[in-house]
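Heads up: the structure comes next, in structure tokens.
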There are 2 protein chains.
Amino acid sequence: MARGDRRPTLETVAVRAGVSRATVSRVINDQPVAGPSRRAVERAIADIGYVPNQAARSLVTQRTGLIALVLPEPSTRVFSDDQFFPRLIQGVSQELETADEQLVLMLAGSTASRDRIQRSAVAGRVDGVMLASLHGADPLAAALAKSGIPVVGNERVLGSVEVPSVGVDNRGGARAAVEHLVSRGRRRIATIAGPLDMIAGIDRLDGYFDAIAGTQEPVVAQGDFTRESGEAAMERLLDEHPGVDAVFAASDLMAEGAMQVLRHAGFRVPEDVAVAGFDDITRAACTDPPLTTVRQPIGALGRHLAAQLLNLISGNAVEPARTLPTDLILRDST
Amino acid sequence: MARGDRRPTLETVAVRAGVSRATVSRVINDQPVAGPSRRAVERAIADIGYVPNQAARSLVTQRTGLIALVLPEPSTRVFSDDQFFPRLIQGVSQELETADEQLVLMLAGSTASRDRIQRSAVAGRVDGVMLASLHGADPLAAALAKSGIPVVGNERVLGSVEVPSVGVDNRGGARAAVEHLVSRGRRRIATIAGPLDMIAGIDRLDGYFDAIAGTQEPVVAQGDFTRESGEAAMERLLDEHPGVDAVFAASDLMAEGAMQVLRHAGFRVPEDVAVAGFDDITRAACTDPPLTTVRQPIGALGRHLAAQLLNLISGNAVEPARTLPTDLILRDST
DNA sequence: CTGAAAGCGCTTACAG
DNA sequence: CTGAAAGCGCTTACAG
């Protein structure tokens, strides 16, 4: 079909099949239609290559068939190598598959793009929004929730507005990792924390505090989940706290960076300093030595996020906050 | 606004402002309206938090304000660390910004998702589609083009259907890199090729052939642009062609992998074996030694892609294939 | 099972 | 500049 031709409409199909528009509509929507009419319609649709106009459908059904996953990050971090987003997306897609909804990704790195996304969502361009890896009390979350469009957050959403969320047990996972270090006899356990404007950063640090409470002085170096920040943090730790005999990093990438710095500084892992991470990225099994870490079920996280959003869209009740369990994976670095 | 409330419509605003719906529509669309009416409408809009229903607008304007960037890859490769996609997206966004179009990313990793995306596009859910990093003669490109929806491809699109495209000078860039190796006196230059079902893979290999034509025997090891594939390819080269004194890798990641294998095998770069890459990823400047490579203007690529698509949507003429120049960046690895 | 008709919420000639 | 009216292309009670 050349551009500029008007696309065929329901009417075109109806005329060709010798039935009413209502009947064509019913065939398209899988509603009961007598065999002969059905076949005539299906044939006409195939002959002229009819595809229903989505705007017209949306106008009456109030549904678009589009679900947005909003990634509130500059695109460079979204497309990093920690495999969080691809796995999350895979889980989300899997769940959406069954609901015949199309996933669209929207990057909300700049203020302009955030405004645009907010307007899009409120204008009804999508049926619902999933917010991933929020920082702080993101006004986008509040604005969307207030406008009444279905929205769920990955991890608890900070701020006054209630937004249903699905997260993983960051705190429990971190506590388990650090308790394991304690049980191995480590007496001076430091942590390399993630960004403290994100739930994952906050909760993993709290888990560390939980585990050493009352028995050790906390030693905290700040990172931002990236490998580079892990290296820098480890250098600071070696400088300022030379007695440290174990490190719990709030991400595997930071743990990797820390191990490299330790090695270069002449320390053996785990003999001199034990290292544990968080995430269980693929590479964690093949670092030297293989990394003890906390596995979070990212695929399941994506599936639950999508499921909760679909519930919300259908008007079903949803839990305000669902938490998925994490697992301590023991390897040779501790 | 609680869920379930009907959102306000043009009518609501019109009544409140004491004007007709047409006037409200004109205010929203920035058409001439007398001062007092305009102010009354703006006020009413603000008071009740009115946002136009996008489906209704689309139905009459035949525009959605949505542009899709389709990434025909399993999400794991899209979210890799070669920085191609984030930079491309940044360029695309920049251009779209001016046109008031919202970018949505659609991942086309599976057959199911490809079908879904095709139907979405044809159903008019988006105003146009940009296809990135196509493999082979992708049927998605053909199907979209045939259905008449505006579509542009990143790199020439293989197959019978004509799809306008924007690409970079892969062949010229590769030729320049290999000619540089020749000029440095290298007499046995191998290449680690990219996937040969992609234009970038094919053209970079052809550039290599161009440069050594008639003077050296080609030595080709197959890779797939990833670092791991570069390592494997380099190991094979060392095994089967121990005399090689230079390697042109069709991606920086593969070049990195190759350099590591060379170092472990006891070869010095560039003294024993020179290595050149393609892409100029950020890390290329800080490898050991810094990598000679071909820089491709990815941001510009994104901008041109978006610009061509916008042209197509506006019904303007577009060049069938635009090629952006690449630059040889000399560093210490050659 | 099927059709005529109303209606979803906008935009846009057409008059005035 | 402004309004009444038609129309974009569907779905869905409502009758039959």
side-chain contact (heavy atoms from CB on, under 4.5 Å) with [X]: which residues, sequence neighbours excluded?
{"X": "A/Arg116", "result": "A/Arg119, B/Glu97, B/Asp100, B/Gln102"}
{"X": "B/Arg156", "result": "B/Ser165, B/Ile199, B/Asp203"}
{"X": "A/Pro36", "result": "A/Ala34, A/Arg39"}
{"X": "A/Arg303", "result": "A/Gln94, A/Glu95, A/Ala300"}

**Prompt:** What pairs with A/Glu319 under salt bridge (charged side-chain N to carboxylate O under 4.0 Å, His left out), at least two apart in sequence or on another chain?
**Reply:** A/Arg322
**Request:** Give me the residues of residues 32-44 of chain A where at least one heavy atom lies under 4.0 Å from an atom of DNA chain C, by number, or none.
**Result:**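 Listed by number, they are A/Pro32, A/Val33, A/Ala34, A/Ser37.
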**Residue-level proximity of residues 11-21 of chain B to DNA chain C when a heavy atom falls under 4.0 Å** = B/Arg21
With rounding to the nearest 0.5 angstrom, report the [atom1] to [atom2] distance, [X] to [Y].
{"X": "B/Leu105", "Y": "B/Ile67", "atom1": "CG", "atom2": "CD1", "value": "12.5 Å"}
{"X": "B/Leu301", "Y": "B/Phe84", "atom1": "CG", "atom2": "CZ", "value": "5.5 Å"}
{"X": "B/Leu71", "Y": "B/Ile117", "atom1": "CG", "atom2": "CD1", "value": "8.5 Å"}

**Asked** Which residues satisfy the side chain to side chain donor-acceptor pair (under 3.5 Å) test with A/Ser37, sequence neighbours excluded?
**Response** none
**Prompt:** If you pin B/Thr23 and A/Ala22 to their nearest nucleotides in DNA chain D, which one's is more 5'?
**Reply:** B/Thr23
**Request:** Select base, sugar-phosphate, or nothing to describe what B/Ser25 touches, counting heavy atoms under 4.0 Å on all strands.
**Result:**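 Base, at least one base heavy atom under 4.0 Å.
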**Fill in**
5'-most contact on DNA chain C (nearest-nucleotide basis), B/Leu59 vs B/Gln31, goes to B/Leu59
Please output the side-chain donor-acceptor pairs of residues 55-62 of chain B that fall under 3.5 Å, not counting sequence neighbours, one pair per line with the distance.
| from | atom 1 | to | atom 2 | distance (Å) |
| --- | --- | --- | --- | --- |
| B/Arg57 | NH2 | B/Asn29 | OD1 | 2.9 |
| B/Ser58 | OG | B/Gln54 | O | 3.0 |
| B/Ser58 | OG | B/Gln54 | NE2 | 3.3 |
| B/Ser58 | OG | B/Arg63 | O | 2.9 |
| B/Thr61 | OG1 | B/Arg57 | O | 2.8 |
| B/Thr61 | OG1 | B/Arg63 | N | 3.3 |
| B/Thr61 | OG1 | B/Arg63 | O | 3.4 |

**Request:** For the pair B/Arg7 (side chain) and A/Val122 (backbone), establish whether a donor and an acceptor sit closer than 3.5 Å, ignoring hydrogens and angles.
**Result:**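 Checking the backbone N and O of A/Val122 against the side chain of B/Arg7, a donor-acceptor pair under 3.5 Å is found.
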**Request:** Measure from the side-chain N and O atoms of B/Thr9 to the backbone N and O of B/Glu11, and report whether any donor-acceptor pair falls under 3.5 Å.
**Result:** yes
**Request:** Considering only atom P, compute the distance from C/dA5 to C/dC1 and round it to an integer number of Å.
**Result:** 23 Å
**Message:** Would you measure the distance from the C1' atom in C/dT12 across to the matching atom in C/dG16 and give it in whole Å?
**Reply:**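 These two C1' atoms come out 16 Å apart once rounded.
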**Asked** What residue pairs, at least two apart or across chains, pass side-chain hydrogen bond (donor to acceptor under 3.5 Å, both in side chains) with a residue in residues 44-53 of chain B?
**Response** B/Arg16-B/Asp47
**Asked** Does anyone know the first and last nucleotide of DNA chain D in reach of chain A, 5' to 3', at under 4.0 angstrom to a heavy atom?
**Response** D/dG9 to D/dA13
**Message:** For DNA chain C, report each stem as range with range, ordered by first number, or say none. Use Watson-Crick or G-U wobble pairs under 3.5 Å, at least 3 in a row.
**Reply:** C:1-3 with D:14-16, C:5-12 with D:5-12, C:14-16 with D:1-3
